Amino acid sequence: MTTPAPLAITHLTVAYGDKTVLWDITWQAAPGLTAIVGPNGAGKSTLLRAALGLIPSIAGEARFFGRGLAEVRNRVGYLPQRASVDWDFPATALDVVCMSRYPRMRWWGRVPKAERDAALGALEQVGLADLADRQIGRLSGGQQQRVFLARALAQDADLYLMDEPFAAVDAATEQAIIAVLRRVVASGRSVIAVHHDLSTVPSYFDQVLLLNGRAVAAGSIKSAFTPDAIARAYGGRLNVLEQAVAEGGLR
Amino acid sequence: MLGYNTLVVLAGCALLGLACGTVGAFALLRGRALMADAVGHAALPGVVLAAMLVASLGGNPRALPPLLAGAVIAGVLGVLSVQALTRGGRIREDAAIAIVLSSFYALGVALLSHVQTIPQAAQAGLGKFILGQAAAMRAEDALWAGGIAAFSVLLCLILFQRLRAACFDPDHARVMGLSVARTDLALLGLIVIVAVAGLQAVGLVLVVALLILPAATARLLTHRLPVLLLVSASLGALAGALGAAASAFESEWPTGAAVVLAGAIFFTLALLLAPERGLLPEALRRIHRRIAATESHFLRAAWEAQEAAGAGPGTAGDRWTPIAALAAARGWSEAYAARLALWLGLRGLVARAEGEIHLTPRGAAAARRAVRAHRAVELHLLGLGATDIAGADRLADLVEHGLPAEMATRLLAEPSALPQSPHALGPGAFSSQADTLGDSENATRQNFIVRPLRGREADGH
């Protein structure tokens, strides 16, 4: 028997009110580094959020390592979009990273030293150990993104679902983040990331899911990330520039 | 001296303020401020109906427990109504809160005018619940307030981590398996309890302020959540005590208004004076930055005038430059440049004589730093492939002031040396009219009239 896929989605359909965003998605993510790519409004974030049970789905289900999420919560980490929280919140970078250790702690009292050290270790992995005590609102956008990454890492999960980990970060931060993700994958874990930049898909990721309301294509970069599939995913909306970038990335 | 009754009222109001300040901190962070308002207003029909019921059963309508029980039930009903309205996504939460708050309150007012016609119930003095009357507080009420304060502080401490996680990023907390729904329920319960407890003292119209003002004030003062809780609770207690004291000495004042005014004064002071986030310190910092930027522009112009005259980097300070030439170089009026020179003279950065200046050693050092930062940015931009030299110059003009010396060092190829300016120096170099190098080169030669330093007499300035 083969090991079950980190994430297997079957017949997932999601609607906001009358508007159906995801139609009958059936998709198995292979272990490794996977990108979810598609035009704006394709339902990329929705797919992650529905799989995690954060929004209700009309039909279908998501199974993690062959089980329901409730059974394997400690093996699944989530990195939401940076803009989804109030960065003016009264907390330091270390406070935020410690939050992902809460399920392991007693309810009251201070954060135990072991958990603090684990959180500090995660901050160090993303190169932010020096800024552990800085208020999160005073970090740059790229640093905030890395705090989120550190928080996910501190969860010590086997599968990470990341919603645009590269959104609005500079080139150096992007390189730092991809280096961390590669280390994560090298240690036998899996990462599924919503990604925007078609040109970097082939160099960053092993697998891809092209999404446009429906699953357009899925699989290894070589087999699924073809100009034809990209054009189908982006439809008429892929402008000349994006087309050029996409083809440039494929070369 | 303070009488026994006054002390009881003071203690009661302070404890209520403590409870409200603690719970309010989380209510504010979770975006539940308006929900507290809804609870307060929704409580009125509950209070009135409870009084009617007690009176019709022949009980004492002044007894507090049944009235507060009525308030809790109605408050919870109000919260549930808001949640029911928002569930379908048809009505947004702010609209739902406004609808529930006003409808429940209107119902309460209508019932209240009806109750005045029932002799037994009319004696209950229910009107005091609207604006609050802490003077009516008895010792056992103060004990109740103490119990509620202890309970809410304890619950907030026990739930501290859950509340923090749910307030900061509820989605992430959910994925980790923390039950945000249950945490939210606990928070709502706390809001209902402290809001109802505050009804007697502060009144249902203003109880929301006692929850939110201390928390909002604390937020301006700190960015650590434990400290924020402590400050918010203390400010709530202080506002409660001050308000009660004020209305004890000036019996015309409704306690609720006095308490909330005390809280509002704290908030205003924090808004103006908070060291990091206050308006006044921020304005001072902005003014300071602007002065510093203008100073460094002046000093840099003075330095570059030397360079343009052929003095060369590092030998500046040995020439006198007319202030008029600097004004022309920067596009300033001569009077403005003269005022700047006067200011810099007072600071000991330039020496002045007969409408001319030269840099003192300290001034020269500051000018060198400014020139270095400016050129570091300019050369960096040009190194990145910028071809618009005048544009690079203007951009560097804007950003150089935030550039620490270490950053300039990292940008420069030869950190110890001061690089040559990539463009000619002098008037026009800073304005878009002279984009070609030849033009500004000529302008430089014509306008910078720099003469040798006149011996030691300059040092006397």
Side-chain angles (χ1 to χ4, degrees), chain A residues 16-18 45 48-49 51-55 64 69-82 84-92 94-96 98-111 115 133-138 147-148 151-152 154-155 157 159-161 163, chain B residues 25-26 28-31 86-92 153-183 186 215-232 274-277 384 402 410:
Chain A
Y16 293 123
D18 297 336
S45 300
L48 293 190
R49 293 170 59 77
L52 290 168
L54 292 173
I55 47 175
F64 297 84
L69 179 60
E71 291 177 62
V72 287
R73 266 190 202 285
N74 58 347
R75 297 183 67 189
V76 179
Y78 176 46
L79 186 148
Q81 280 183 20
R82 177 158 62 87
S84 66
V85 304
D86 172 17
W87 286 95
D88 199 30
F89 194 86
T92 62
L94 184 61
D95 287 339
V96 169
C98 279
M99 284 183 202
S100 71
R101 309 290 291 188
Y102 281 0
R104 300 157 203 255
M105 292 182 215
R106 282 183 294 127
W107 281 41
W108 56 90
R110 296 175 62 86
V111 176
E115 305 300 339
D133 286 326
R134 177 145 328 166
Q135 203 259 325
I136 49 172
R138 308 177 111 219
V147 168
F148 258 21
R151 183 180 67 169
Q155 248 175 296
L159 167 68
Y160 292 102
L161 302 186
D163 203 342
Chain B
F26 287 114
L28 184 75
L29 291 173
R30 187 74 181 100
T86 48
R87 186 153 301 144
R90 249 173 246 99
I91 299 172
R92 279 169 34 151
V153 169
L154 199 67
L155 200 59
C156 281
L157 288 182
I158 290 175
L159 292 178
F160 181 77
Q161 290 171 4
R162 315 269 146 166
L163 284 166
R164 166 144 78 177
C167 289
F168 177 63
D169 192 346
D171 281 352
H172 184 258
R174 262 179 222 124
V175 171
M176 287 194 304
L178 302 179
S179 172
V180 174
R182 251 180 285 163
T183 308
T217 310
R219 225 189 149 169
L220 289 168
L221 295 174
T222 176
H223 57 257
R224 301 299 309 262
L225 189 53
V227 182
L228 189 151
L229 275 180
L230 201 68
V231 172
S232 179
E276 265 182 45
R277 313 180 78 175
L384 288 176
R410 274 171 56 190

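Chain naming here is simple, since letters A, B, ... match the order of the sequence lines and numbering starts at 1 in each. Bear in mind that the values here come from a model prediction, so they are computed numbers and not experimental data.
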Locate the shortest heavy-atom distance separating [X] from [Y]; write the atom from each residue and the value.
X	Y	value
A:Tyr102	B:Arg164	OH-NE, 3.0 Å
A:Asp88	B:Arg277	OD2-NH2, 2.6 Å
A:Met99	B:Phe168	SD-CD2, 3.7 Å

Exercise. Hey, does A:Pro80 have a side-chain heavy atom less than 4.5 Å from the side chain of B:Asp169?
Worked result: yes
For this session: Answer yes or no: is there a side-chain heavy-atom contact under 4.5 Å between B:Val227 and A:Pro90?
Result: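 No; the side chains remain at least 4.5 Å from each other.
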Please report the interatomic distance [atom1]([X]) to [atom2]([Y]), rounded to the nearest 0.5 Å.
X	Y	atom1	atom2	result
B:Glu276	A:Gln135	CD	CD	8.0 Å
B:His223	A:Thr92	NE2	OG1	8.0 Å
B:Gln161	A:Arg101	CD	CZ	12.5 Å
A:Leu52	B:His172	CG	NE2	10.0 Å
A:Tyr78	B:Arg174	OH	CZ	10.5 Å

For this session: Measure distances from B:Arg90 to the heavy atoms of chain A and classify the residue's part below 4.5 Å as side chain, backbone, both or neither.
Result: neither
For this session: Measure B:Leu225 against the heavy atoms of chain A and call it side chain, backbone, both or neither at under 4.5 Å.
Result: both
Exercise. For B:Arg182, which residues count as a salt bridge (charged side-chain N to carboxylate O under 4.0 Å, His left out) partner, sequence neighbours excluded?
Worked result: none
Most chain B-contacting option - heavy-atom pairs closer than 4.5 Å, from [options]:
options	answer
A:Leu69, A:Val76, A:Asp95	A:Asp95
A:Gly53, A:Ser84, A:Ser100	A:Ser100
A:Asp86, A:Leu54, A:Leu79	A:Leu54

For this session: Go through the atoms of A:Leu161 and report whether side chain, backbone, both or neither lie under 4.5 Å from a heavy atom of chain B.
Result: neither
For this session: Would you indicate whether A:Arg104, at its atom CZ, is surrounded by more than 12 heavy atoms from other residues, nucleotides or ligands within a distance under 6.0 Å?
Result: yes
